[in-house]
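Okay, structure first, notes after.
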Protein chains: 2
Amino acid sequence: MAKVEFNIACTLCDHLKDSLFNGLNPEDLSRINNHKTCIQYKKGQNIFYEGTRPTGLYCMNGGKVKVYKNNVQGKEFIIYIAKPGDFLGYRALLSEEFYQATATVLEDAKICFIPKESFFEVLQKNPAFMRRVVQAVCHEMGIMEEKLAELAHKSVRERLAANLLMLKETYGMEGEGSTLIELALSREDLASIVGTATETVIRLLSEFKSDGLIAFEGKKIRVLDARKLAKQADLIIA
Amino acid sequence: MAKVEFNIACTLCDHLKDSLFNGLNPEDLSRINNHKTCIQYKKGQNIFYEGTRPTGLYCMNGGKVKVYKNNVQGKEFIIYIAKPGDFLGYRALLSEEFYQATATVLEDAKICFIPKESFFEVLQKNPAFMRRVVQAVCHEMGIMEEKLAELAHKSVRERLAANLLMLKETYGMEGEGSTLIELALSREDLASIVGTATETVIRLLSEFKSDGLIAFEGKKIRVLDARKLAKQADLIIA
DNA sequence: CGGAAAATATGACTTTTATCATATCCCCTG
DNA sequence: CAGGGGATATGATAAAAGTCATATTTTCCG
């Protein structure tokens, strides 16, 4: 499959405001802009592979990408799902290690690649930017600590409910009535997020549907009763 | 319980070589040194609490400290165990959030406190140091990703075996014959590391002992057959 | 459009692990 | 040294979740 390039100036990018590049001075932003390569990917294509060495940073301009690890039996665990504005593959780049996870396109994506050298140059000469990166990385780490504790002590039902709420928050439409999860996840992918078997997810989703907590709209899920779902997630006591 | 202060110059600290402060220029190190407060803690004392705001960085000079989260039912999950040379509480400090975990002394500890301002000052004026901090944080994040996948897809038996091996590597004595885990963990704490019930840990440890994989020496555990343990952890196929 | 393949769904069964109960051991302190 | 409290140990049982088998539905592609 041929790689399809596209181009858009960083200054004109719709997602600059959501990105860590927001607030960068014009000079630094243009350095990033002048060295980037933007590529369109189709669903199913891989961005990078576990075990390979990072050569730069990916910056999401459109679509969704899952970042996951495979275990020995080939079961996936999805670490996170990148959306427009997100950086991709920065962890291994910044720790100067090999990728520990694989990134695959979930929904047709537009992604800009910034070579390591250009990114590090801006990072080096711009302490405020570096500081923001550190802050973002440490925030992300806090989320992972949360996930660890959740995985260790919560039931699958609780985790599924919690993840549905999280997905609603993160990938819901803009504005108020954002109850539709704007992400066409297969049951298998959802299982890989929750850390369970596909059949278990299917069963629990049916239950949640019967209980009027969620509804299916095509491949997407709508959260009908966030409050009851939060109760299922054991986030609310009453 | 009165706080007992002690003092040791950073330049003379035995653990400087293991610390991120290693390689700091004399001026910056002395800035850290001049602003730090060093305190001795007894087993069971708390260093910081979940939900409070960080006011500085803790640097371990001696002893062991567990950092953990409590779930609704009061069950602990231990995120990591800090040893001499480690920073403590840096995540929340750098992300400018509240602590998301509590830190409690496992073995009598000597810990130096560096006020936020002094730490940030050195961080700000020393990009190379900042770079090393980013690298360390991102490395740590990789370990957490690993743990997440492990928790999602491995059995308790596998996780216990894997954690025993990890503890041996991390807290074993220096040098070759380092098979003793130099950390007097209760069964309950071990369960909080593995993410399971105390009884389950007790049962599995008995099995491992019967099978000649480990031995108990007082409160400590000796790894007798790391290879077989790795097989139990599903780290080796054969 | 039709057929194959993939995804979703459901049932039956097994395994793993948590929970509760109780017993025993060990260490600390008066 | 006795006794008490906490930690460790073990058994019985129940609940949760995985696995395997098999439908059924949907999607994809020639």
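Per chain, numbering begins at 1; letters A, B, ... match sequence-line order.
- Straight-line distance from the CG atom of Leu151(A) to the P atom of dT17(C): 14 Å, rounded to whole Å.
- Each of Lys75(A), Lys69(A), Gln73(A) was compared with Asn71(A) under the side chain to side chain donor-acceptor pair (under 3.5 Å) criterion, and only Gln73(A) meets it.
- When all heavy atoms are compared, the tightest approach of Asp225(A) to Gly212(A) is CB-O, 4.1 Å.
- Distances shown here put a side-chain N or O of Thr200(B) below 4.0 Å from the OP1 or OP2 atom of dA18(C).
- Between the CD atom of Glu217(A) and the P atom of dT8(C) there is a distance of 16 Å, rounded to whole Å.
- dG11(C) atom P lies 14 Å from atom CG of Leu204(A), rounded to whole Å.
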From CA spacing to verdict: side-chain hydrogen bond (donor to acceptor under 3.5 Å, both in side chains), Ser186(B), Glu188(B):
CA-CA 5 Å; Ser186(B) 70; Glu188(B) 194 178 354; 5.0 Å; no

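- In this structure, CD of Glu207(A) is placed 12 Å from C1' of dA17(D), rounded to the nearest angstrom.
- The backbone N or O of Val65(A) lies less than 3.5 Å from no partner atom in the side chain of Tyr80(A), so there is not a single donor-acceptor pair.
- In this entry the distance linking CZ of Phe77(B) with P of dA18(C) reads 13 Å, nearest Å.
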Applying salt bridge (Lys or Arg N to Asp or Glu O under 4.0 Å) to Asp108(A) and Lys42(A), what does each step give before you reach the verdict?
CA-CA 5 Å; Asp108(A) 292 2; Lys42(A) 288 276 171 198; 3.5 Å; yes

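- A centroid separation of 6.0 Å or more is found between the aromatic rings of Tyr68(B) and Phe77(B).
- Remark: Lys36(A) engages Asn33(A) in a side chain to side chain donor-acceptor pair (under 3.5 Å) (not counting sequence neighbours).
- The distance from atom CZ of Arg157(B) to atom P of dT16(C) is 8 Å, rounded to the nearest whole Å.
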Start with the C-alpha distance between Thr179(A) and Arg222(A), add both sets of side-chain angles, then the distance that settles side-chain hydrogen bond (donor to acceptor under 3.5 Å, both in side chains), and finish with yes or no.
CA-CA 6 Å; Thr179(A) 60; Arg222(A) 184 179 292 281; 2.7 Å; yes

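- Here dT8(C) presents its P atom at 13 Å from CD1 of Ile214(A), a figure rounded to the nearest Å.
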Along nucleotides 8-16 of chain D, 5' to 3', which nucleotides get a B, which get an S, and which get a -, given that the test is a protein heavy-atom distance under 4.0 Å?
SBBBB----

Using a cutoff of under 3.5 Å, can you pull out all pairs of nitrogen or oxygen atoms linking the protein to nucleotides 23-26 of chain C, with atom names and distances?
none

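- Of the possible polar contacts, one joining the Lys64(A) side chain to the Glu182(A) backbone as a donor-acceptor pair under 3.5 Å is found.
- Rounded to whole Å, atom P of dA18(C) lies 17 Å from atom NZ of Lys154(A).
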